[in-house]
2 protein chains.
Amino acid sequence: MLNQIETLKPRMRKSERKVADCVLAQPDTVISDSIAALAARAQVSEPTVIRFCRALGCDGYQDFKLRLAQSLASGVRFVHSVVAPDDAPRQVVAKVFDSAVASLLRTRAQLDTAAIERAIDLLASARKIEFYGHGASGIVALDAQHKFFRLAVPTVAYIDAHVHSMSAAILEPGDVVVAISHSGRSKDLIASVQVARAAGAAVVAIAAAGSPLAELAHATISPAVDEDTSTYIPMSSRIVDLVIVDVLAIGVALRRGPDLVRRLEKTKTTLMEKHLS
Amino acid sequence: MLNQIETLKPRMRKSERKVADCVLAQPDTVISDSIAALAARAQVSEPTVIRFCRALGCDGYQDFKLRLAQSLASGVRFVHSVVAPDDAPRQVVAKVFDSAVASLLRTRAQLDTAAIERAIDLLASARKIEFYGHGASGIVALDAQHKFFRLAVPTVAYIDAHVHSMSAAILEPGDVVVAISHSGRSKDLIASVQVARAAGAAVVAIAAAGSPLAELAHATISPAVDEDTSTYIPMSSRIVDLVIVDVLAIGVALRRGPDLVRRLEKTKTTLMEKHLS
DNA sequence: ACTTTTTTTGTAGTTGTACTACATTTCTGC
DNA sequence: GCAGAAATGTAGTACAACTACAAAAAAAGT
């Protein structure tokens with residue numbers, strides 16, 4: 001939220017910017033202020049404050065205050081959440097954790113529950129599940145495989161374009177492909193998904209909304225991540241993807257019912273032997 | 001906040017309890033409701049709603065809404081955050097995300113900054129970095145490798161006990177092993193770490209505090225995760241591990257300075273070619 | 001350089017919301 | 001069953017949020 005204000009500030013008019021400065025200077029104070037109080041502090045008129053709220057995409061002042069309060073509560077305080085070269089380790093920790101938390105909360109707020117439900121339906125009744133992804137999304141695919149195979153579903157993960165294109169060709173109706181690509185624009189992935197669809201398989205995408213991959217899928221789940229494609233490495237994105245996979249896995253697990261729980265217990269005890277007491 | 005309402009509910013009067021039920025049932029809706037709307041839904045009069053707010057120690061309805069909004073944003077919203085078999089998809093989403101966020105915030109609060117700094121020191125000056133982990137932690141190891149190799153450091157990840165025990169034997173002083181095990185009790189991993197230490201390599205552990213693995217390492221970073229070893233699959237644990245790896249990677253990147261940033265830009269443009277416009 | 005048009009900002013007024021004082025109802029103890 | 005106390009609702013008030021409009025400032029055109 002504070003980031004958003006910072007971002008939109010240059011596009012604002014002079015007097016609205018005064019309001020923005022006031023909010024950024026002492027966000028905590030603002031959430032208990034009335035319009036009049038904030039207007040006085042920013043030395044502008046009351047409607048200007050309202051216009052400022054509207055410029056941020058809020059319904060009005062109340063809505064603005066609510067959103068601000070929420071964003072402050074999550075501890076995500078840094079206006080520039082991008083790490084700077086001269087940050088102390090303590091700050092780096094805070095910023096990285098905060099940006100992960102912020103991405104998660106944002107995604108939770110705007111996640112398409114209907115799509116989740118559709119995806120769970122498909123996965124729960126799948127004969128076989130294949131996860132495709134490259135690079136960072138490849139890790140997510142591996143993680144998903146690791147989670148789903150415990151649910152006693154035949155599952156594989158492919159992170160190689162040639163391999164998944166071949167595998168996609170021999171899919172059959174009843175099989176499900178989960179295609180993971182943060183941008184949703186990976187050429188190789190899209191090609192394999194098209195092959196999979198032609199073979200009659202269902203497709204679940206974890207990809208940016210409106211992307212080519214999203215359009216191709218029977219159910220698309222889109223993580224909400226910052227636009228600032230950071231100079232460093234995509235990070236929060238994978239975290240969100242992983243949690244989405246968690247949701248799907250648990251959703252499927254719940255469908256499978258109690259006998260699955262028993263089976264999970266069994267894998268757990270087997271694992272114990274690999275550990276020290 | 002919701003917990004507080006739950007706690008205070010028995011001490012409330014009958015009609016105030018109706019309001020409490022309404023708030024607990026759909027907290028999200030309430031934050032955008034007016035007094036009149038909430039009163040109508042709870043089938044009580046408007047002053048009753050205000051009395052309800054006062055009973056919770058709030059100044060009034062606005063204050064109540066603000067606090068509620070904050071507590072909802074900060075994560076752990078469900079009184080029992082463990083997923084139940086009869087949860088609706090919407091609830092599953094909320095609970096899974098919430099538990100991830102809660103784990104992250106908890107870890108951020110109690111992370112050992114000194115250990116982080118020591119780990120970054122070791123990694124930044126490493127000649128070669130090897131990541132070891134099994135199962136879910138194996139995914140974390142792969143992810144770490146994927147992140148660190150972009151920092152132009154010779155890096156590998158091993159998720160096989162035989163392989164990493166062999167590799168550990170041929171390490172030299174100046175090399176760094178990052179051992180990832182959530183419990184910190186994996187026999188195979190501990191064995192390889194001992195071999196690595198004998199060979200003169202430095203060891204960074206991402207493991208539970210006080211565990212055997214933690215004792216063996218030069219720097220140990222411990223995630224804070226729920227004790228409730230869920231019936232289902234370990235989930236939040238990996239998320240926290242991944243974010244810790246993010247912190248380490250960024251810490252190292254910052255040490256490396258601006259020439260690294262240029263190199264990262266290069267990998268980015270190369271990747272573009274694999275994508276659709 | 002002056003006028004016209006557009007944009008930006010403030011003023012005054014309206015609506016609706018939160019809150020208060022008081023009346024009515026409901027419960028409890030004698 | 002009645003008196004007192006507690007709880008709930010009704011009616012009214014004050015104030016906050018928002019709107020319509022007008023004045024001022026800036027931008028564009030002549």
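Chain A is the first sequence line, chain B the second, and so forth, proteins listed ahead of strands; every chain is numbered from 1.
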Considering only heavy atoms from C-beta outward, does the side chain of [X] approach that of [Y] to under 4.5 Å?
{"X": "B:L38", "Y": "B:Y61", "value": "yes"}
{"X": "B:V101", "Y": "A:R108", "value": "no"}
{"X": "A:L213", "Y": "A:R185", "value": "no"}
{"X": "A:I120", "Y": "A:R255", "value": "yes"}
{"X": "A:L111", "Y": "A:I221", "value": "yes"}
{"X": "A:V240", "Y": "A:I244", "value": "yes"}

Rounded to whole angstroms, how far apart are [atom1] on [X] and [atom2] on [N]?
{"X": "A:E16", "N": "C:dT9", "atom1": "CD", "atom2": "P", "answer": "7 Å"}
{"X": "A:Q43", "N": "C:dG10", "atom1": "CD", "atom2": "P", "answer": "10 Å"}
{"X": "A:M12", "N": "C:dT7", "atom1": "CE", "atom2": "P", "answer": "19 Å"}

Closest to the 5' end of DNA chain C, once B:E46 and A:S15 are matched to their nearest nucleotides, is A:S15
Selection: residues 53-65 of chain A, any non-hydrogen atom under 4.0 Å of DNA chain D: A:R54, A:G60, A:Y61, A:Q62
Do side-chain atoms of B:E16 reach the backbone of B:T48 as a donor and acceptor pair under 3.5 angstrom? no
Leading and trailing nucleotides of DNA chain D with any atom under 4.0 Å from heavy atoms of chain A: D:dA17 to D:dA26
Could you go through B:R41 and B:D33, starting from their C-alpha distance and side-chain angles, then the distance that decides it, and tell me whether this counts as salt bridge (Lys or Arg N to Asp or Glu O under 4.0 Å)? CA-CA 10 Å; B:R41 197 135 45 79; B:D33 271 355; 2.4 Å; yes
Looking across every strand, which nucleic acid part, if any, lies under 4.0 Å from B:I50 by heavy atom: base, sugar-phosphate, or nothing? base
